[in-house]
Protein chains: 2
Amino acid sequence: MQISDAEWQVMNLVWESSPVESNEVIEELAQLNNWSPATVKTMLHRLVKKGALKTESVGKKYLYRASVRRYDCVRRESRSFLERVFDGQAAPALMHFVKYAKLTPEEIAEIQELLDTKAAKKKDQWND
Amino acid sequence: MQISDAEWQVMNLVWESSPVESNEVIEELAQLNNWSPATVKTMLHRLVKKGALKTESVGKKYLYRASVRRYDCVRRESRSFLERVFDGQAAPALMHFVKYAKLTPEEIAEIQELLDTKAAKKKDQWND
DNA sequence: TCCTATCGTTTACGCCTGTAATCTAATTAC
DNA sequence: GTAATTAGATTACAGGCGTAAACGATAGGA
């Protein structure tokens, strides 16, 4: 299931504060993006239709919840990005981001640590 | 200027072997994607129209060249990806890729090196 | 010189997207 | 109880995209 650019904004919001009422989403995105309420409603509706959100009726209103995991969507989107732009290779993408992104020393350290453990695992015959 | 998913395939090919004749592109992508020649022609035409490719006529045929730099497109696409999926933050994206991508020990080493120099620069008051 | 093969251009078409107005049903206020 | 508000559903519409067939011009061979 394919989530469009604009729809990601909605999904991000829902993932962060699930469950939400449409009101909250509408207000938030009105501020963020200058979207009209109607536009946000369309997004919500489409996302429900494509199975990314589900609703639970509470009186007159609905509560919206994600029905797909953020992780899965991130993974799919990342894959497709890598495929398109870096010929499916993670390493060049990583090099690119490291080169051109702003990173705090803490972030750098954290990534290094992760790389270390990954390298260690690679060497360890029993763990790979 | 926005390059679509399918168009990226064409651009990647042109960037790699510029200048190319349409023939080469058509054959290559017929194999890779099972696209009909007509489809590839459409892609080329649209890319010329949107200013991503330019042509130089050589007799009856054209030679196609990129008229936008790969780097710029990669940068724009990366930005948009980060924005959409990781709220514009490079660090979480990096963590994600490091965690879930297959990396050879050499690649890991290379990325670590780059991170080291980046960290070093950060500390050096005269270089930042 | 005329036909044919070929390359680029035009046209096609249905689906997705961004953007939004309108409609309808139900709830709330008076 | 009727009017006004509101939330979700339906409809709208232009432009992009994936996919491709049809068309037109031209160069090269017969």
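To find a chain, count down the sequence lines: A is the first, B the second, and so on, and within it residues start at 1.
In the displayed structure, B/E113 atom CD is contacted under 6.0 Å by at most 12 heavy atoms of other residues, nucleotides or ligands.
OP1 and OP2 of C/dT6 both lie 4.0 Å or more from every side-chain N or O belonging to B/N23. Between A/S22 and D/dG8 there is a side-chain N or O to OP1 or OP2 distance below 4.0 Å. For A/H45 and D/dA9, the shortest distance from a side-chain N or O to OP1 or OP2 is below 4.0 Å.
As rounded to whole Å, 11 Å separates atom C1' of D/dT5 from atom NZ of A/K41. Counting to the nearest Å, the C1' atom of C/dT6 and the OH atom of B/Y62 are 14 Å from each other. When rounded to the nearest whole Å, the span between CG of B/L63 and C1' of C/dG8 equals 14 Å. Atom-to-atom, CD1 of B/I26 to C1' of D/dA20 comes out at 12 Å; the value is rounded to the nearest Å. We find that CE of A/M11 is positioned 14 Å from P of C/dT17, with the value rounded to whole Å. In this structure, the CG atom of B/L44 is 15 Å from the P atom of D/dA20, given to the nearest Å. Taking atom CG of residue B/L47 and atom C1' of nucleotide C/dT9, one finds them 15 Å apart after rounding to whole Å. As rounded to whole Å, 15 Å separates atom C1' of C/dA20 from atom CG of A/N33.
Annotation for B/A66 and B/K54: closest pair O-NZ, 3.5 Å, computed over non-hydrogen atoms. Between A/V68 and A/G51, the shortest heavy-atom contact is CG1-O, 3.9 Å.
Every residue two or more places apart in sequence or in another chain was checked for a side chain to side chain donor-acceptor pair (under 3.5 Å) with B/Q31, and none qualifies.
Of the charged side-chain nitrogens involved, at least one lies within less than 4.0 Å of a carboxylate oxygen, so that B/R84 and A/E77 count as a salt-bridged pair.
Ring centers of A/F86 and B/F97: at least 6.0 Å apart, outside the cut-off.
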What's touching nucleotides 16-18 of chain D from the protein side, N or O pairs under 3.5 Å?
residue : atom : partner : partner atom : Å
D/dC17  : OP2  : B/K50   : NZ           : 3.1
D/dG18  : OP1  : B/A6    : N            : 3.0
D/dG18  : OP2  : B/S4    : OG           : 2.6
D/dG18  : N7   : B/R46   : NH1          : 3.0
D/dG18  : O6   : B/R46   : NH2          : 3.1

When you look at A/R70 and A/E16, which way does the salt bridge (charged side-chain N to carboxylate O under 4.0 Å, His left out) test go after all the steps? CA-CA 10 Å; A/R70 181 179 211 154; A/E16 268 156 39; 3.8 Å; yes
